[in-house]
Structures are given as structure tokens and as C-alpha cells.
There are 2 protein chains.
Amino acid sequence: IYRSISGVAVDKDQSCVTIMNVPDKPGIAGRIMQALAENNIVIDMIMQAFHPTAGHNNITFTVHVSDLDQTIKTLESIKDDLDASSVISDPDIAKVSLIGAGLAGQSGIAATIFNSFGAAGINIKMIATSEMKLTCVVSAADADRASKIMHSSFGEEE
Amino acid sequence: IYRSISGVAVDKDQSCVTIMNVPDKPGIAGRIMQALAENNIVIDMIMQAFHPTAGHNNITFTVHVSDLDQTIKTLESIKDDLDASSVISDPDIAKVSLIGAGLAGQSGIAATIFNSFGAAGINIKMIATSEMKLTCVVSAADADRASKIMHSSFGEEE
Ligand SMILES: C[C@@H](O)[C@H](N)C(=O)O
Ligand SMILES: C[C@@H](O)[C@H](N)C(=O)O
């Protein structure tokens, strides 16, 4: 099952910015993304998950740390127009990703990784997956330990 | 810029389940994932974004519609142990994804898609991205229109 893992990637140069409580209606994400594109901000990840309050949602972006201030400024400048509540950022993040063709649908692999992080006292700040990748966002201080755990869970050479 | 788009994928067979307000401390995601793995549930996407209340977070899963009931049952069975507040599901989803090698970092592409959905009155329920993929979760009724919009935005043949 684990033969299909091809590696571990670590990215310590990202920051996270979230625009909170935007109206959950058509066109809002477009206006936000357009403002970021017009300010030439390169977006690494976009994440909008389930929001408990009907009618509202949060959109989280990861951007290169050099774009953090511009991203906050851009989102702050449109916040009131959009009727959003706030813009919150977290510069203390690192992305640690397991990469492999066979990851899709493997609940056991994610359980192994998340449990190992838990046993090591590493808190998972964000999670994102795709067919080829399992990404955990942890605090920058935990990046190296998290990466070692990912390597050793799959018999990988460092 | 758009030459690197290779296609549009539509998945109408998924459902969304979120476990709300779990403690945001090491080991929690592992216990949740382990319960799902032990129940042989194939997870399509895992998403944990930024949570405004310090100390809490929500984890959203997309699973095949045939696994929806078992997923809800599994998460309900561990909810109290974990001190989570609730398990919420939404069976009315479809994933519409733009796929292409050149997507990474292209804010303009995401802005085009999100604005086109907005203009068509299509609400975006969830968003997930990776280097190769931009995924929008919309209601099942909007899937075909959303897919047509993605195709036509990039000069694709249907
Ligand atoms: C929140 C935002 O994504 C909104 N639902 C939209 O479609 O634009
Ligand atoms: C919420 C959950 O992901 C928790 N932060 C953990 O690390 O397990």
C-alpha cells in the first residue's frame, strides 16, 4: 500500500490569511479573487470549507510570506464593501506534504500520519488533500519534526 | 497562460460531512481519521481551514454518497468522546474541477472562474486547490452549468 509514496515536501515560506464571514452568495469569491489578482498576488492554496452559519463563509489563502502584507491590505480594502467581518492572518505556518500516486482514498495513511503527529505533540493547523497529496499545515517550529515523521512512517530515506 | 489547462472534471457522486468544533490540539485529527479508516470509509477530500475560535476547529470530509450514512454514524459515535459539538452533512454537492499543469499560482484563472460562476448565479459551497487543480463544490443542480462555464472560460471543447 505504501509503495506508491514518492516523497515529502516542506514549504516554510508561506503565510495564511483568512477573510471571515463573507456573504455566502454568488459572485463574492470572484470579487475577492479579482482584487488579489489585480494586486499581482500569487496564491498558493485557496480553501473554503463548510461554515456553520447559513449565509456566511470564510475563505483562507496561503501566500508567500513576501506577499503577506499586500494580501492583508488588499483584503482589508474590500472587507467593508463585501460586508465581511474581519481579516485574520497567521504568519507562523509551514506546509508539510506527503506526495504519492496511491494516496487517493487511503484513509489509513492519513490516520497514520495524524496519529503520529498527535503522539509527538504536533498540532495540525490546517489540512488539505488531493489525489496525489496530503498536506498538513503546522507551526513553523514543528516543520522539521513533522517532516521526519512523514518520512519515517513510510520507510523513506531522509 | 491558458494553454496549460487540460480539462474539466465533474463528480456528482460525493457528499460532504463536517465534524464541528473539535478541540484544536494534537491527536484529535488522528482519532477521527482512525475511526473512519477502521470503518473502511474511502475519503475523497479532507479539509480543515482556519477557525476563528482559538482552541477549536472543524474538519470537513467528502465521501462517496454510498458512504454518507456510515460516515455520519462513525463521526456521531466519537463526537462526545472528542467533545465536538455536532456532525453536519450536505448530500447536495457536486465537485467541478479545472485541471492543468499551469494552474499553480494563477490568481487570474481563479478570478475568471469565480466571477463567471457569480454572473451565472452559481453559489460556491467549498473551494480546494492544488498545483494541478482548482476544485469548486457547488450544489448538484448547478454542476452542469458550472462545468460548461469552466469549459468555455478556457476555450475548451465541450
Ligand atoms: C463565499 C463565496 O464563495 C460565495 N459562496 C460565492 O459563491 O462566491
Ligand atoms: C483539529 C485537529 O486537526 C487538531 N489540531 C490535531 O492536530 O489533531
Side-chain angles (χ1 to χ4, degrees), chain A residues 16 18 20-21 24-34 36-38 40-50 52 57-60 86 88 90 104-108 110-137, chain B residues 16 18 20-21 24-34 36-38 40-50 52 57-60 86 88 90 104-108 110-137:
Chain A
C16 168
T18 302
M20 308 288 298
N21 295 311
D24 191 9
K25 57 175 201 251
I28 296 293
R31 286 167 63 189
I32 294 169
M33 210 58 218
Q34 181 145 354
L36 293 169
E38 282 167 3
N40 297 318
I41 292 166
V42 173
I43 300 291
D44 175 62
M45 292 196 313
I46 309 171
M47 204 186 284
Q48 176 189 318
F50 184 90
N57 219 316
N58 309 327
I59 305 180
T60 298
S86 55
I88 298 178
D90 181 359
Q106 302 276 7
S107 318
T112 303
I113 295 284
F114 297 168
N115 272 325
S116 305
F117 283 1
I122 294 175
N123 190 49
I124 304 169
K125 292 187 161 192
M126 286 165 54
I127 302 168
T129 63
S130 68
E131 284 76 12
M132 301 274 298
K133 211 160 132 171
L134 168 63
T135 296
C136 294
V137 171
Chain B
C16 168
T18 301
M20 308 288 297
N21 295 310
D24 192 9
K25 55 175 202 251
I28 297 291
R31 287 167 64 188
I32 294 169
M33 211 58 219
Q34 181 144 352
L36 293 168
E38 282 166 4
N40 296 319
I41 292 168
V42 173
I43 300 290
D44 175 64
M45 294 196 311
I46 308 170
M47 205 186 283
Q48 176 189 317
F50 186 87
N57 218 316
N58 309 327
I59 306 181
T60 298
S86 55
I88 299 178
D90 181 359
Q106 301 277 8
S107 318
T112 302
I113 296 282
F114 297 168
N115 272 326
S116 303
F117 283 1
I122 294 174
N123 190 48
I124 304 168
K125 291 187 161 192
M126 286 165 54
I127 302 168
T129 63
S130 68
E131 284 77 12
M132 300 274 296
K133 213 159 128 174
L134 169 63
T135 295
C136 292
V137 171

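A note on names: the letters A, B, ... follow the listed sequences, proteins ahead of strands, and every chain is numbered from 1.
Here the side chains of Lys133(B) and Glu131(A) are in contact, with some heavy-atom distance below 4.5 Å. Side-chain atoms of Phe114(A) and Ile59(B), non-hydrogen and from C-beta on, never get closer than 4.5 Å to each other.
The most heavy-atom pairs under 4.5 Å with chain A, out of Asn21(B), Ile32(B), Val42(B), come from Val42(B). With chain B as partner, the option from Leu36(A), Ile41(A), Ile46(A), Asn40(A) having the largest number of non-hydrogen pairs under 4.5 angstrom is Ile46(A). Counting heavy-atom pairs closer than 4.5 Å to chain B, the top residue among Ile43(A), Thr60(A), Asn58(A) is Ile43(A). Annotation: maximal heavy-atom pairing with chain B below 4.5 Å, among Ala120(A), Ala128(A), Ala110(A), occurs at Ala110(A). Between chain B and the options Ile113(A), Ile88(A), Val137(A), heavy-atom pairs under 4.5 Å are most frequent for Ile88(A).
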For residues 24-31 of chain B, dump all side-chain donor-acceptor pairs below 3.5 Å to protein atoms at least two apart in sequence or in another chain.
unit_1   : atom_1 : unit_2    : atom_2 : d
Asp24(B) : OD1    : Asn123(A) : ND2    : 3.3

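Smallest separation of non-hydrogen atoms from Ala111(B) and Ala37(A): CB-CB, 4.4 Å. Of all heavy-atom pairs between Phe50(B) and Met126(A), the closest is N-CG, 4.2 Å.
Only the side chain of Met20(A) comes within less than 4.5 Å of a heavy atom in chain B; its backbone stays farther off. Both the backbone and the side chain of Met45(B) have a heavy atom closer than 4.5 Å to some heavy atom of chain A.
Applying the salt bridge (charged side-chain N to carboxylate O under 4.0 Å, His left out) definition to pairs two or more places apart or across chains, those involving residues 116-127 of chain A are Asp90(A)-Lys125(A), Asp92(A)-Lys125(A).
A distance of 10.0 Å separates OG1 of Thr112(B) from CE of Met33(A), quoted to the nearest 0.5 Å. A distance of 6.5 Å separates CD of Gln48(A) from CD1 of Ile124(B), quoted to the nearest 0.5 Å.
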